[in-house]
Amino acid sequence: MSTEVIVAGGGPVGLLTAALLDAAGVRVEVLESKAGQSEHSKAAAMHPRTLEILTVLRTDDGRRLSDVLVSLGRPEPATHFAALPDLLDYSGLDTPYPFLLVIPQATTERVLADHLRRRGVPARHGHEVTGFTQDDDGVRVTVNGGVREARYLVGADGARSVVRREAGIDFPGTPPTTVGFVADVTLADPPDRVRHFWDHRRGQASIIPFPDGWCRVFGTTVEDTGLTPEQVRTRQSQALTVEEVRAALRRVTGTDHGLREVRWLSKAGDTTRQAARYRSNRVFLAGDAAHVHFPAGGQGMNIGMQDAANLAWKLAAEIQGRAPSMIVDGPAAYERERAPIAARLAANTLAQGALFTTFTPAGAALRDLMSGLIAKGGDTADDLAAWLSGLGHSYPPAVPGHPWEGRRAPDLALADGSVHRRLAVDRFLLADFTPDAAFGHLRPHGAEVVRALPWSDLSAALIRPDGYIARAWTAPDVAGVSAALEAWTTRA
C-alpha cells in the first residue's frame with residue numbers, strides 16, 4: 001500500500017503528526033472532514049516546549065517552523081495561571097524561546113499546512129472518516145463512503161473522535177459544571193497588552209490582543225457556574241450572541257471596549273476526560289481525541305502537539321522495522337509516557353477552573369493567596385512555569401540511572417550549533433562531552449555522534465529524537481554507550 005499512515009484530523013496535532021512522520025521518511029496523508037482550513041482559533045498561545053519541537057522542521061529556505069511562527073506571533077515574557085494578577089515569568093527560562101507566543105491557532109494551522117503542501121504531503125479537506133477495520137496487515141479506513149488503506153491510523157480528530165469511538169476506547173472523566181464565552185472581535189479601545197479581570201460578584205473576563213489587530217475575549221459570568229450537566233448542555237445548545245458578549249464585558253470590566261466586528265463566537269465548558277487507552281493495535285489517539293479539559297492557557301493544543309512529537313519518531317521506527325520493544329509496548333511506549341502527562345494536565349486545568357470560577361469571598365481569598373505565592377517566586381512559581389511552558393515535563397527513565405534520564409535536554413551547545421537544531425525525527429544524538437572525544441570513533445546505526453561543550457557532570461548523553469535524554473553517563477563508558485544505542489535503536 002502506498003500510504004503508510006493516515007492521520008484523521010487536520011488541526012495542529014494532526015498536521016504536526018504528519019509533518020514529523022514525513023520528516024522521518026514515512027508516507028502519510030491527512031484526512032479532514034471540514035471543507036477547508038478553519039479561520040477560527042480555539043487556541044491562541046504557544047508555549048516554549050512546543051516551539052522547541054517545531055525547530056526540527058525546516059522550510060525550503062532553511063528556516064525552522066518555530067522561527068516562522070515567532071515572526072508571525074507576539075512574544076510575551078510572562079503568562080498567567082488562572083488569570084491571577086501576578087504572572088509567571090518566562091524570561092529566565094533555559095530555552096531559545098523564553099516567552100509565551102501569542103498566535104492564533106488558525107495561523108499555526110496555515111503554517112503547518114503550507115509546509116505539508118511544499119513537501120507534497122496530501123492534506124485532504126472534505127474527507128470524513130466514519131469508521132475503520134484493522135488486522136495484522138493494516139487498516140482500512142472508511143472515507144466519504146469509500147475505503148482507503150494504510151498500515152496505521154492516527155486519530156487526531158478532536159473531542160468527539162470517530163476514531164476513538166470506532167476503536168471502542170472508553171473516555172471517562174468528570175461532567176461539566178460551567179459554561180464560558182469565547183469570541184474573536186475588534187475593539188475600538190483595545191488594551192495594549194493582555195488584561196485579566198476578576199470579581200467574585202460578577203465573574204471573570206480576559207482580553208488578549210492578537211498581532212493582526214483582532215482580540216480574543218473570553219470569560220465566565222457568575223450565573224454560568226455551578227450548573228448541572230443538563231443545564232450546561234442546554235446553554236451550550238443556544239448560540240452565543242454579540243450582545244451577550246457585550247453585556248458580559250460591561251458587567252465584568254465596566255465597558256465593552258468599543259466592541260465592533262466579530263469573526264467567531266463560541267462557548268466553552270469544563271468537561272474533563274481522558275481516553276482509557278492511547279493505542280488499539282494499529283490505531284493511535286493524540287490531542288483532544290485522547291484528552292479534553294477546561295481551556296486554560298492554550299494548554300490543550302500544546303500538549304496535543306507534544307503528543308505528536310512523542311508518537312511520530314516511535315511510529316516511524318516501528319514502520320521502518322527498527323523499533324525495539326521498549327518503545328513499542330515497553331516502558332517508553334507512547335501511551336506509557338503520554339497518559340501521565342494528560343492526567344497532570346487534567347488536574348492542572350481543574351485547579352485553574354476552580355480559581356477561575358469560584359465566585360465567592362473564599363474564592364477571592366484563595367486567588368489572593370496563590371497570586372502572592374507566584375509574586376514571591378521560588379518553588380511554587382518555578383514549578384508552575386515549568387509545567388505550563390512544557391520545559392518541566394519528564395518521563396520515567398526506561399532504565400533507572402542518572403537523574404537526567406527522562407528529562408528534556410536543554411539546548412546544549414555543540415562544537416557546531418546546538419542540540420535542538422541538530423535533532424531529527426529519524427535518529428538519536430549522542431552528545432560527547434569529553435575533552436578528548438572519547439566516543440568520536442563510534443559509528444552507531446540510528447544515531448549521530450556530536451561533540452558538545454562540557455555540561456553538568458556528564459561524559460555523554462543519548463538524546464532521543466524528541467529531545468529527551470534516554471541515557472546519561474558520568475564516565476567515558478564506551479561499552480555501556482554502545483549497549484544503550486543498541487537497546488534504543490535496534491529491533492530485538
Using 0.5 Å steps for rounding, measure from the NE2 atom of H420 to the CG atom of L414.
10.0 Å
What one should report as the nearest heavy-atom pair of A18 and V28 is O-CG1, 3.5 Å
When rounded to the nearest 0.5 Å, the distance separating OG1 of T79 from CZ of F99 is 13.0 Å
Close aromatic pair by centroid cut-off 6.0 Å: W404 and W473:
no
Have a look at D135 and tell me which of R140, R282, R151 forms a salt bridge (charged side-chain N to carboxylate O under 4.0 Å, His left out) with it.
R140
Polar contact flag, side-chain donor to acceptor under 3.5 angstrom, Q352-N348
yes
Exercise: identify the closest heavy-atom pair between S161 and L285:
OG-CD2, 4.3 Å
Side-chain contact, heavy-atom cut-off 4.5 Å: E52 with S66?
no
Is a side-chain donor-acceptor pair under 3.5 Å present for E109 with S38?
no
Is the shortest side-chain N to carboxylate O distance from D67 to R421 below 4.0 Å?
yes
Would you say that D270 contacts H293 through its side chain, given a criterion of any heavy-atom pair below 4.5 Å between the two side chains?
no
Do S206 and F218 have side-chain heavy atoms sitting under 4.5 Å apart?
yes
Residues E76, R74: salt bridge by 4.0 Å N-O rule:
yes
Heavy-atom check, side chain of R148 versus side chain of L31, under 4.5 Å
yes
Taking side chain to side chain contact (heavy atoms under 4.5 Å, CB included) as the criterion, tell me which of L57, L311, D426 meets it with L20.
L57
On a heavy-atom basis, the closest approach of T489 and H445 is OG1-O, 3.3 Å
Is the ring pair W313/F428 parallel, tilted or perpendicular, if the boundaries are 30 and 60 degrees?
perpendicular
Short N-O contact, R443 and E448, less than 4.0 angstrom:
no
Grab the two heavy atoms, one from A113 and one from L15, that are nearest each other, plus how far apart they are.
N-CD1, 4.2 Å
Knowing that exactly one of E337, H393, R338 qualifies, which makes a side-chain hydrogen bond (donor to acceptor under 3.5 Å, both in side chains) with N310?
E337
Would E318 and R279 count as a salt bridge (charged side-chain N to carboxylate O under 4.0 Å, His left out) if you check the C-alpha gap in whole Å, the side-chain angles of each, and the deciding distance to 0.1 Å?
CA-CA 14 Å; E318 187 169 341; R279 180 173 190 173; 2.7 Å; yes
List the steps and the verdict of ring pair (Phe, Tyr, Trp, His ring centres under 6.0 Å) for Y278 and F284.
CA-CA 6 Å; Y278 282 28; F284 297 84; 9.9 Å; no
Side-chain heavy-atom pair R451, F439 within 4.5 angstrom cut-off
no
Do D288 and V13 have side-chain heavy atoms sitting under 4.5 Å apart?
no
Between R165 and D170, does any NZ, NE, NH1 or NH2 come within less than 4.0 Å of an OD or OE carboxylate oxygen?
no
For R277, is there an ion pair with E335 - N to carboxylate O distance below 4.0 angstrom?
no
Classify the ring geometry between Y395 and Y468 as parallel (under 30°), tilted (30 to 60°) or perpendicular (over 60°).
tilted
Are Y90 and P77 side-chain neighbours, meaning at least one heavy-atom pair lies under 4.5 Å?
no
Applying side chain to side chain contact (heavy atoms under 4.5 Å, CB included) between L345 and each of T272, N302, I303, report the one that passes.
I303
Looking only at heavy atoms, which two atoms of A470 and W488 are closest? And how far apart?
CB-CE2, 3.5 Å
Only counting residues at least two apart or in another chain, list the ones meeting ring pair (Phe, Tyr, Trp, His ring centres under 6.0 Å) with H196.
H80
Tell me, please, whether F171 has R164 positioned over its six-membered ring: NZ or CZ under 6.0 Å from the ring centre and within 45 degrees of its axis?
yes
From R367 CZ over to M370 CE, what is the distance, rounded to the nearest 0.5 angstrom?
10.0 Å
Are the side chains of L315 and V5 in touch, meaning some heavy atoms are under 4.5 Å apart?
yes
Minimum heavy-atom distance between I374 and L87, given as atom pair plus value:
CG2-O, 3.5 Å
Pairing donors with acceptors under 3.5 angstrom, does anything connect the side chains of D411 and S418?
yes
Going by atom types alone, do H115 and D22 pair a side-chain donor with an acceptor below 3.5 Å?
no
